[in-house]
Amino acid sequence: MECPECQSNHIRKNGHRRGKQNHICVDCGRQFVESPQAYRGYSDDVRKLCLKMSVNGMGFRGIERVTDIHHMTVINWVRQVRENLPDAYAPEEIPEVGELDELQTFVSSKKTKSGSGQQSTTSNAVS
Ligand SMILES: [Zn+2]
C-alpha cells in the first residue's frame, strides 16, 4: 500500500473510520482508508477552492504552492468534476463576437487607407 500523498510505503494502521481500516503515512502524516480516492481527507470547501483556482487559469503547481495539496490530487479532482458535470466548469463565453469582428474590419480598412497615403508621399520624395 502506498500513501496517496507522497507515494511512501511507510504506512501504519490508524484505527477505523466509518467501518473501514484507516491508515496514516508516517512520512507526511496523511491519513487515508483502504482503496483511497483522491479527494479523501480534504473537505469539500478545500476541493471547491482548488477547482475554482484551476477554472480561473491558475496552474496546478501554483495551486499546490498555495494550498499545499499535491498537484496530482488537484488534477484528479478537476478530472472527476469534468467527467461528472461537463457543463459546470466551462469557461465563460465571450459575448458580442459579431461586434468585435466589425470593429476589427473597421480598424484594418482605416489602416490600409493611411498606408496608401504614406506610400504616395514616399514615392513623391524619391522622384
Ligand atoms: Zn505520505
Side-chain angles (χ1 to χ4, degrees):
M1 182 171 289
E2 277 183 355
C3 169
E5 194 71 34
C6 67
Q7 279 77 51
S8 163
N9 292 310
H10 206 175
I11 305 300
R12 269 198 342 226
K13 288 189 177 182
N14 191 42
H16 287 78
R17 288 283 165 87
R18 295 188 192 112
K20 288 181 177 174
Q21 178 67 53
N22 193 47
H23 298 82
I24 185 164
C25 171
V26 179
D27 290 337
C28 72
R30 175 82 146 83
Q31 291 186 45
F32 57 95
V33 293
E34 273 175 302
S35 60
Q37 295 202 358
Y39 56 82
R40 290 277 164 92
Y42 294 107
S43 72
D44 259 15
D45 284 348
V46 173
R47 199 151 59 101
K48 278 177 193 161
L49 183 69
C50 291
L51 290 168
K52 216 189 231 175
M53 285 192 275
S54 168
V55 167
N56 283 284
M58 201 158 164
F60 294 114
R61 306 251 174 197
I63 296 172
E64 181 180 8
R65 279 194 292 273
V66 172
T67 60
D68 281 335
I69 295 170
H70 195 271
H71 62 272
M72 277 311 297
T73 309
V74 180
I75 288 169
N76 283 332
W77 289 344
V78 172
R79 275 200 198 129
Q80 282 167 5
V81 168
R82 290 224 173 113
E83 278 164 21
N84 296 337
L85 310 159
D87 297 327
Y89 287 92
E92 283 178 50
E93 284 180 36
I94 302 162
E96 299 167 21
V97 174
E99 275 185 31
L100 275 175
D101 272 352
E102 277 173 36
L103 188 68
Q104 209 137 41
T105 317
F106 176 70
V107 171
S108 58
S109 69
K110 219 178 163 188
K111 260 185 198 164
T112 316
K113 267 180 199 166
S114 67
S116 63
Q118 271 177 346
Q119 264 181 352
S120 63
T121 320
T122 317
S123 58
N124 281 349
V126 169
S127 62

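Hydrogens, waters and symmetry mates are skipped; everything else that's a heavy atom, side chains included, is used. Atoms within a ligand are numbered from 1 in the order they appear, just like the ligands themselves.
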Plane angle bin for Y42 and W77 - parallel if under 30°, tilted between 30 and 60°, otherwise perpendicular: perpendicular
Which atom of C50 lies closest to which atom of I69, heavy atoms considered: SG-CD1, 3.8 Å
Minimum heavy-atom distance between G15 and Q21, given as atom pair plus value: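 Heavy atoms only, the tightest pair is O-NE2, 3.2 Å.
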K52 and V55, any side-chain heavy atoms less than 4.5 Å apart: no
K13 side chain near H23 side chain, heavy-atom distance below 4.5 Å: yes
Approximate separation, where rounding is to 0.5 Å, of Q31 CD and E5 CD: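 Separation between the atoms: 12.5 Å.
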Around the Zn ion (ligand 1), number of protein N/O/S atoms which are nearer than 2.8 Å: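 Those protein atoms number 4 in total.
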